[in-house]
Amino acid sequence: MELDNIMSGYDSKLFDVLAQSSNRTFFFASNMKENTARWSKGAVEYFGLKSEILYPADMEWLKLIHPDDKAAYLKDFEDMANHVSAYHDVEYRIRNAGGEYVWVNCKGYMTYDDEGKMDFFAGFVTNLGVRNKIDPVTGLWTLQEFRKDTENMLYNNKSGVAVMIGLSNFKRINDEFGYSYGDKTLYAIAHRMLEVRTKGTRLYRMDGSDFALLIEEGNCEDAMREIEKIQQAFSALHIEREEVYLDFRAGAVLFPQDGKYIDQIMSNMLVALENAKNVGRKGVVLYTEEMHLKKTRMLRLRDAIRESVNDNFKGFSIVMQPIIDSKTGKGTSCETLLRWSDERFPGIGPMEFIPVLEDTAFIIPVGKWIIDQVLKDLREWEDKGNNPIEKVHVNVSYIQLHDDELVDYTVSKLREYHIAPERIVLELTESCRIGRIDELTERLQKFKDQGISIALDDFGTGYASLAVLKDIPTDIVKLDHTMIKSVLGTVKERKLIEFIISFCNNVGIIVCAEGVENTTIMGIVNEAGAGLLQGYYFDKPLRVEEFYNKYVKQIS
Ligand code: C2E
Ligand code: CA
Ligand code: CA
């Protein structure tokens, strides 16, 4: 059959132009009476058609359509034949050259001859597999489909369980090996999951490296069983000869009880997943009402803190805890600790509000405010004469150190209040050690260059080891109170602390023992050579005025 025959009466050039339009949209024109169709070259390649000209056009195309979708397709043609509508607009799955079914949307317009018979039909087939139904990277259903399927279940009064699966270390894989390796990993994960899932469990690719499971009429046990199977399948994943370790977490939501509409299910899955990041290796958490309350408290807390910061730090205050020189038994320095009070959050402590300040980055302005307050107090004490407090410790977290202005700000405040930089000690909380050591060292050196001292806080918790001391310019090591308490434990524990103290002393680092709560502990750490002592045995953190009366004024 000649091209011109099919296109008789129609502009073949126009077809050529339209056929070029996109590699995802395939143009076709058919002569209904001859039962022939011309397809764009892209379609021939993508669907593996015999040639640009298809004959018999209806059968050749129909045999590629998914068996479940044939009826819908034929019904639309029947409607066109019966003049119900001249517009054709159907979604169906069709097999491509690779043998995979993809979703397409087919839009066309029918013209009729004088007798009302179907004559010429032309339109576009758009590959939805690329656009919204099937994720091109993994071949799984997309987020939109997850929403649609879940909504359908809710609409039909079906119960079920929805699970969000997150890979918290996936970003590292992308960073280290590049995006195309990342995509291959996602593809491999998806296919491994498809292999092991129970029939009836639907799998979706959500945002980024998140996946989801949907089990109609499923309960908590079904979800756990499915996740366990997937988890096992993840234990050894090889991509291009690399062994990939995946940190697999999952948050499950039962519906309708914990999600009556789709957005609620989505947000509760994320809440459960967030909680799953804080649990042990298993990492699977079922959403509970309590989590929701915790989350809303956190959000309320964020708002309240934002208000406080914007209202000139209303509600924030500092307290000071004396640090005792073990040789003289006198309080010659102090640690500044932040407090925040708000009637909506009675009794709230820094363990709860500091992480919120860090998450929101409000710790940056609040940290500067603390420096200003402390230096102002120190200036006042100086002016009153004979101030025995030589050094003031201020806590800084990771995010504050990444604020390039902090050094200049501190230096300018020291000048403003005429305080020598040697009197400031920055205590680096545990969070400071999450980044790269060389970068941290570089940042700290800027403070050191100004004469400001550095203390390593929370030593003995987390992953801090003695090895960090050789890199980080440290003046003081603060042994965490959990570690200090262990001097009352086994001989080994006590020896370890004694060893750390003597090691530090040998390399010129002063050790401050925190959490000295009684004479026994004090005796042991003193004997072991800790230069500084801090804890409830001496005093708890005090309001500035109280601290002044007890540790500054009495001697002056
Ligand atoms: P941290 O820096 O390790 O502070 C010492 C904590 O131990 C303080 O708790 C203090 O009240 C408590 N403590 C003092 N003596 C004893 C004792 O003998 N036994 C026991 N069990 N605990 C004792 P606080 O004030 O609740 O602060 C908790 C944490 O919050 C601090 O731990 C620090 O990581 C953070 N934080 C507090 N203030 C600030 C701040 O201004 N900036 C930053 N970035 N973090 C702060
Ligand atoms: Ca501290
Ligand atoms: Ca500490």
Side-chain angles (χ1 to χ4, degrees), residues 305 308-309 313 315-324 331 333-341 345 347-375 377 391-403 406 410 424-434 453-462 464 474-488 500 510-522 524-526 530 532-544 546-547:
I305 283 177
S308 281
V309 172
F313 304 100
F316 285 104
S317 63
I318 52 172
V319 289
M320 289 172 170
Q321 187 175 30
I323 298 176
I324 313 297
S333 50
C334 66
E335 176 175 359
T336 309
L337 294 154
L338 186 62
R339 296 292 178 262
W340 179 68
S341 75
F345 300 92
I348 186 167
M351 300 305 256
E352 192 180 2
F353 71 74
I354 296 274
V356 177
L357 282 173
E358 290 176 339
D359 282 351
T360 53
F362 280 130
I363 193 75
I364 293 175
V366 173
K368 285 178 182 157
W369 176 83
I370 293 170
I371 288 173
D372 182 60
Q373 296 292 304
V374 165
L375 293 178
D377 290 330
K391 286 179 192 280
V392 179
H393 293 222
V394 177
N395 289 286
V396 288
S397 26
Y398 177 74
I399 168 154
Q400 287 173 274
L401 274 186
H402 280 73
D403 168 25
L406 189 64
T410 311
I424 296 293
V425 180
L426 296 187
E427 290 196 4
L428 307 188
T429 59
E430 164 77 18
S431 70
C432 290
R433 275 169 252 146
I434 57 179
S453 304
I454 304 293
L456 218 53
D457 207 350
D458 311 311
F459 201 83
T461 65
T474 314
D475 302 285
I476 298 173
V477 157
K478 298 196 77 175
L479 288 188
D480 189 71
H481 52 81
T482 49
M483 192 172 203
I484 287 300
K485 269 181 210 122
S486 72
V487 295
L488 302 173
I500 294 173
I510 300 167
V511 172
C512 174
E514 283 188 333
V516 177
E517 290 182 358
N518 52 49
T519 33
T520 322
I521 298 180
M522 189 184 67
I524 298 170
V525 290
N526 221 349
L532 298 169
L533 309 169
Q534 182 182 0
Y536 297 160
Y537 175 72
F538 305 102
D539 238 323
K540 60 184 191 312
L542 304 169
R543 282 186 295 112
V544 176
E546 239 178 306
F547 183 84

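Scope of the values below: all heavy atoms of this structure, side chains included, with no hydrogens, waters or symmetry mates. Atoms within each ligand, like the ligands themselves, are counted from 1 in listed order. Given the structure is predicted, the values throughout are model-derived calculations rather than measurements.
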May I have every N or O pair linking ligand 1 to the protein at under 3.5 Å, one per line with atom names and distance?
from: ligand 1; atom 1: 2 (O); to: Glu335; atom 2: OE2; distance (Å): 3.2
from: ligand 1; atom 1: 2 (O); to: Asn395; atom 2: OD1; distance (Å): 3.1
from: ligand 1; atom 1: 2 (O); to: Asp457; atom 2: OD2; distance (Å): 2.9
from: ligand 1; atom 1: 15 (N); to: Gln321; atom 2: NE2; distance (Å): 2.9
from: ligand 1; atom 1: 18 (O); to: Tyr536; atom 2: N; distance (Å): 2.8
from: ligand 1; atom 1: 19 (N); to: Glu517; atom 2: OE2; distance (Å): 2.5
from: ligand 1; atom 1: 21 (N); to: Glu517; atom 2: OE2; distance (Å): 3.1
from: ligand 1; atom 1: 22 (N); to: Tyr536; atom 2: OH; distance (Å): 3.4
from: ligand 1; atom 1: 25 (O); to: Arg339; atom 2: NH1; distance (Å): 3.0
from: ligand 1; atom 1: 25 (O); to: Arg339; atom 2: NH2; distance (Å): 2.9
from: ligand 1; atom 1: 38 (N); to: Leu338; atom 2: N; distance (Å): 3.0
from: ligand 1; atom 1: 44 (N); to: Ser397; atom 2: OG; distance (Å): 3.3

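- Taken from CG in Leu479 to CG in Leu456, the straight-line distance is 10.0 Å, to the nearest 0.5 Å.
- Each protein N/O/S atom under 3.0 Å from the Ca ion (ligand 2) was counted, for a total of 4.
- Between the CZ atom of Phe345 and the CD atom of Glu352 there is a distance of 8.0 Å, given to the nearest 0.5 Å.
- Applying the side-chain hydrogen bond (donor to acceptor under 3.5 Å, both in side chains) criterion to Asp377, with sequence neighbours excluded, gives no partner residue.
- No option in Gln321, Lys391, Gln534, His393 other than Gln534 meets the side-chain hydrogen bond (donor to acceptor under 3.5 Å, both in side chains) test with Glu335.
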Contacts under 3.5 angstrom, residues 354-368 side chains, donor-acceptor by atom type, not counting sequence neighbours:
from: Glu358; atom 1: OE2; to: Ser397; atom 2: OG; distance (Å): 2.9
from: Thr360; atom 1: OG1; to: Val356; atom 2: O; distance (Å): 2.7
from: Thr360; atom 1: OG1; to: Leu357; atom 2: O; distance (Å): 3.3
from: Thr360; atom 1: OG1; to: Phe362; atom 2: N; distance (Å): 3.4
from: Lys368; atom 1: NZ; to: Asp403; atom 2: OD2; distance (Å): 3.0
from: Lys368; atom 1: NZ; to: Glu405; atom 2: OE1; distance (Å): 3.3

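- Put simply, CD on Glu514 and OH on Tyr536 are 10.5 Å apart, with the number rounded to the nearest 0.5 Å.
- Pairing each heavy atom of Cys334 with each of Ile323, the nearest pair is C-CD1, 3.9 Å.
- Looking only at distances, no side-chain donor or acceptor of Asp480 sits under 3.5 Å from a matching main-chain atom of Asp457.
- With hydrogens and angles disregarded, a donor-acceptor distance shorter than 3.5 Å links the side chain of Asp475 to the backbone of Ile454.
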